[in-house]
Amino acid sequence: MLTQDARVAGEPVTIHRVERPEDLDDFYEFARRNHRVLAVDSETTGVDIFSDGFRIRLIQFGNKDEAWVLPVEQGPVYAAAAKRVLRETGRLIFQNGMFDLQVFDRHLGVPMEELWPKVLDSKILAHLADPRGPEEGGIGQSLEKLTEHYIDPVVAEEVKGLMTKLAKEHKTTKAKIWSTIDLDHPEYNLYAGMDTILAARLVGKVGPLVPPVSRDLIAFEHRIAEICSYMERTGFLLDIEYTEDLSDELRHREDYYNTIARGFWDELWEEDPPDFSVNATEKVADVLEARGVVIPGRTPTGRRRVDKSLLEGLAKDGDEFALAVIEAKKARKWRTTWVDGFLDQMDSDGRCHASINALRARTARMSITGIPAQTLPSKDSLIRSCFIADPGESIVSVDYQAQELRVLAALSGDRTMIRAFLNGDDLHLLTARAAFGDHITKDSPERKYAKVVNFGRVYGGGARTVAEQTGLDLKTAKRVVDGFDAAYPEVKRYSNKLQTQAQRQGFITTPSGRRLPVDKERPYAALNYMVQSTSRDVTCRALVRLHEAGITPYLRLPIHDEILASVPTKSAEKAARKIARLMQEQMGPVEISTDAEVYGRSWGDGYRN
DNA sequence: TCGTGACGCACC
DNA sequence: AAACGGTGCGTCACGA
């Protein structure tokens with residue numbers, strides 16, 4: 001057994017590294033002394049839990065001043081020891097338990113279902129204490145930043161720099177060091193153990209900072225993390241043949257349009273043209289100007305703005321270069337960002353597993369990576385068609401009808417808005433009539449402008465942004481914005497109330513008890529934070545109800561105001577209705593109602609027109 | 001060669 | 001009086 005001594009916040013700590021099976025007796029003795037609660041962490045070969053080469057290397061257990069490191073990679077006896085203590089310990093502290101529990105489920109044979117009820121996650125506590133990131137004036141929720149702020153800045157710096165340092169020592173990259181570092185490396189062991197000591201200390205520091213009003217959210221967020229980890233585990237079936245064909249097709253498209261675009265660039269040079277890429281905006285700008293195009297826009301750093309709207313305007317006027325740039329960029333973006341990514345990370349059963357950050361944004365909104373489900377193109381079914389239902393099943397989507405506007409109506413208590421939703425009136429039409437008069441009909445173009453304002457107002461946008469988005473002149477845009485404010489006066493009042501609260505105390509509190517910090521310089525953001533966060537809570541409460549109804553195995557992903565599922569085709573309509581019914585909820589006088597749709601075999605089937 | 005900021009773009 | 005909120009990802013360009 002190897003024993004290392006270190007100091008944390010001026011106090012001595014000890015890290016034991018089990019080297020031989022005989023050392024396990026002392027480890028079990030430690031576990032017995034700490035049978036009520038232990039912090040747990042694991043070191044693995046990477047973060048690609050579902051890929052073939054993934055392995056657990058170490059599993060660590062610790063309390064505030066002592067840690068034990070098990071070399072799981074070196075034999076099943078150590079894995080068995082880790083398993084035993086995971087099962088026998090009453091409460092388990094993790095920093096981001098979603099990762100470790102997924103790892104233990106797939107690679108250690110300990111089902112997540114068994115461990116989740118015992119988990120206390122310091123990352124969740126930290127988010128409830130302060131959801132801001134380090135760039136937003138907060139601390140963030142990473143182990144490094146939390147350690148720096150709450151425990152010991154020197155230790156934080158060492159933890160942060162360690163893997164970079166080891167990578168340099170081993171002449172490899174930071175990404176590869178996790179799988180290549182010698183398991184017996186003393187510093188690797190030291191900090192592997194240290195992580196549990198830090199997590200154990202963090203819950204004591206951050207837990208008390210969760211405001212009393214947020215207390216119920218602690219259990220709620222652990223539940224949401226649990227449900228999301230089951231969806232991650234299930235994964236989403238990939239249509240491999242389709243996806244491979246699509247990748248080829250996009251590659252050909254990209255090559256074709258690249259050749260055209262490059263031809264225009266090469267013309268600018270007498271001989272040996274320098275490298276060209278359609279993604280190099282400065283170079284694209286050079287070609288455009290050589291063709292006589294005046295580029296009016298500038299970026300914040302003063303460079304010529306070459307974006308989609310400029311290029312599309314030119315392409316519409318028949319500029320072949322602009323068209324080629326647009327098409328080449330799009331084909332590449334679609335292939336590299338999505339299609340090839342799916343093929344790369346697909347597991348041996350042809351499934352892709354998203355990584356869900358269930359408690360991410362300042363507003364607690366989730367983020368989803370791996371399958372970047374929140375950002376897949378929705379005007380076209382091509383990309384979504386990569387994902388399909390399980391055999392014998394159909395893809396079902398249930399979304400909330402105008403979720404944020406309904407939440408806004410409920411929270412603000414605006415009578416007109418509430419009545420509109422009760423009556424099933426067309427809210428966009430209502431706003432359009434308030435701005436332009438009663439002669440406006442469902443088919444009038446003014447309704448579209450009103451729609452932009454209805455959503456834009458929730459974001460805190462004003463006349464200028466509405467003008468930009470609709471192409472209206474500023475004066476008309478202002479008329480629609482004023483029309484909105486006149487039509488729904490209580491929304492304005494509510495926004496003002498939130499802004500006052502925000503400026504007085506620096507935060508607002510949602511009905512679920514979540515504290516949302518509001519920057520002093522942007523008090524107008526308070527309304528959006530409140531609506532966005534409360535909408536997220538609506539979707540998450542739905543997840544809990546679906547889980548309790550036993551539907552989780554069919555769920556694929558939550559996407560803001562939507563939940564995607566794969567259900568048996570025979571009873572798909574019925575299942576969809578059931579999910580929709582469980583999702584809807586009453587918020588004061590407003591029903592946050594849902595719409596169910598059975599797409600078919602593929603996710604893309606819902607996006608064909 | 002790696003990390004990072006700026007930019008552009010995909011979505012709700 | 002007016003105020004666009006929240007994300008992730010790929011690429012380029014640049015500096016260490």
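Lettering of chains follows the sequences in order, A, B, ..., and the numbering in each one begins at 1.
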What's [X] touching, base or sugar-phosphate or nothing? Going by heavy atoms closer than 4.0 Å.
X	result
A/G456	nothing
A/P372	nothing
A/V531	nothing
A/T336	sugar-phosphate
A/Y529	sugar-phosphate
A/A463	sugar-phosphate
A/I559	nothing
A/K333	base
A/S277	sugar-phosphate

Q) Is the aromatic ring centre of A/Y459 closer than 5.5 Å to the centre of the six-membered base ring of C/dG5, with the two planes inclined by less than 30°? A) yes
(Q) Can you classify the ring geometry of A/F236 versus A/F387 as parallel (below 30°), tilted (30 to 60°) or perpendicular (above 60°)? (A) tilted
For atom [atom1] of [X] and atom [atom2] of [N], their distance in whole Å:
X	N	atom1	atom2	answer
A/H560	C/dT7	NE2	P	10 Å
A/E404	C/dT7	CD	C1'	13 Å
A/R514	C/dG6	CZ	P	15 Å
A/D399	B/dC11	CG	C1'	14 Å
A/E312	B/dG8	CD	P	14 Å
A/R464	C/dG5	CZ	C1'	15 Å
A/D307	C/dG10	CG	P	21 Å
A/Q403	B/dC12	CD	P	12 Å

**Q.** Output field: ring centroids A/H185/A/Y191 closer than 6.0 Å
**A.** no
Q: Can you see which heavy atom on A/S602 is nearest to which on A/I388, and at what distance?
A: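 What the structure gives for the nearest pair is CB-CG2, 3.7 Å.
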Using a strict cut-off of less than 4.0 Å between a Lys/Arg side-chain nitrogen and an Asp/Glu carboxylate oxygen, indicate whether [X] and [Y] qualify as a salt bridge.
X	Y	result
A/R406	A/D561	no
A/E221	A/R536	yes
A/D473	A/K475	no

Would one find a side-chain N or O of [X] under 4.0 angstrom from OP1 or OP2 of [N]?
X	N	answer
A/Y524	C/dA2	no
A/R536	C/dT7	no
A/S378	B/dC11	yes
A/T375	C/dG8	no
A/K379	B/dA10	no
A/K308	B/dA10	yes
A/R362	C/dG5	no
A/R332	C/dT11	yes

Nearest to the side chain of [X], which nucleotide is it out of [options]?
X	options	value
A/A525	C/dC12, C/dG10, C/dG5	C/dG5
A/Q532	C/dC12, B/dA10, C/dG6	C/dG6
A/R365	B/dC12, B/dA10, C/dG10	B/dC12
A/R522	B/dA10, C/dG5, B/dG8	C/dG5

Q. Mapping A/G461 and A/G370 to their closest nucleotides on DNA chain C, which lands nearer the 5' end?
A. A/G461
Q. Just checking, any donor-acceptor pair under 3.5 angstrom between side chains of A/R514 and A/Y529?
A.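 There is no such pair (donor and acceptor under 3.5 Å, judged by atom type) between the side chains of A/R514 and A/Y529.
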